[in-house]
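Report on one structure; see the data block that follows.
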Amino acid sequence: MRTEEIIQNAVEMLQKAGTQNASIGMILGSGLGEYAESLQNKRFVNYADINGYPVSGVAGHKSRFVIGEKFGKTIVIMQGRFHFYEGYPQELLTIGVRTMKRLGIENLLITNAAGGVNTAYHAGTLMLIGDHINFSGTNPLIGRNLDSFGPRFPDMSNVYDKSLRTKLKTLAARDGIDLEEGVYLMMTGPSYETPAEIRMARALGADAVGMSTVPEAIAAAHCGMKVIGISLITNMAAGVLDQPLSHAEVTETANRSAENFTKLVDLIASELF
Ligand code: HPA
């Protein structure tokens, strides 16, 4: 099935669930999906029920859209995302974002769990993504360009909207929420990085490393959406501390940091977007 058709199937199902006034999109990363529960008047659309949609099978990820209201706004949340390491073709990694665009959503919050490369960070640090390094070795826009979304060679100099970032840093400081700003580097995973790879990432200017977000952010920039990216540092990256990494640690830190994360996301939904 062509990507456009899959997107159209999703748009129709979501509109039936009530997305007429939707203005905010969110993609919630590993262990961060709980935020969706805080919406009022929730409606659910399972990815599995959308003809052609991929389904994420990663622990800590549900596989559905949650639509609901908060702060008088209609929010569409992807509770669970698609990862390159699950074997999906790159183009499929763009369809969630493009579905939101077709629903009329222009403001997108992308979140993830990430490893801390910057040694000043610690498990629980919230990092605003200032920019990214696409180290995945590929690009979600490879292949036929969908001209109805954006140009063949899209500009990537302001993927994470600068004026929104500036405003968010001010709001976070006002509310006493600690927020770092840094560069997110994407590796494909699913293996975690080696200590040598993390030293390389640091030398390249990365502050955090993870296995998602970049394909979605590129797709969003391609179609002109305004993006805010938030990484929750769930662990220090390989070799920083003398201990092995595990997915259990990632979800544990995410659960422990839920309160801070929720505060920040609420701030974004209520005052930034
Ligand atoms: N590396 C890559 N992805 C991650 C990590 C990490 O250390 N932690 C959470 N996601």
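Read the numbers this way: they start at 1 and go in the same order the structure lists the ligands and their atoms.
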Checklist entry - For R174, which residues count as a salt bridge (Lys or Arg N to Asp or Glu O under 4.0 Å) partner, sequence neighbours excluded? => result E271
Checklist outcome for this item: Residues at least two apart in sequence or cross-chain that pass side chain to side chain donor-acceptor pair (under 3.5 Å) with S157, listed by chain then number, are D155
Check: residues 258-269 side-chain donor-acceptor pairs under 3.5 Å, at least two apart:
residue	atom	partner	partner atom	Å
T262	OG1	A258	O	2.7
D266	OD1	Y35	OH	2.5
D266	OD1	K70	NZ	2.8

Checklist entry - In terms of side-chain geometry, is the basic nitrogen of K101 or E106 positioned less than 4.0 Å from the acidic oxygen of its partner? => result yes
Checklist entry - So, do T111 and I27 sit near enough that their side-chain heavy atoms are less than 4.5 Å apart? => result no
Does ligand 1 have any N/O pairs with the protein under 3.5 Å, and how far apart?
residue	atom	partner	partner atom	Å
ligand 1	1 (N)	E193	OE1	2.8
ligand 1	1 (N)	E193	OE2	3.4
ligand 1	7 (O)	N235	ND2	2.9
ligand 1	8 (N)	G115	N	3.4
ligand 1	8 (N)	N235	OD1	2.7
ligand 1	10 (N)	A113	O	3.3

Checklist entry - Looking at F149, does the NZ or CZ of R102 lie under 6.0 angstrom from its six-membered ring centre and within 45 degrees of the ring axis? => result yes
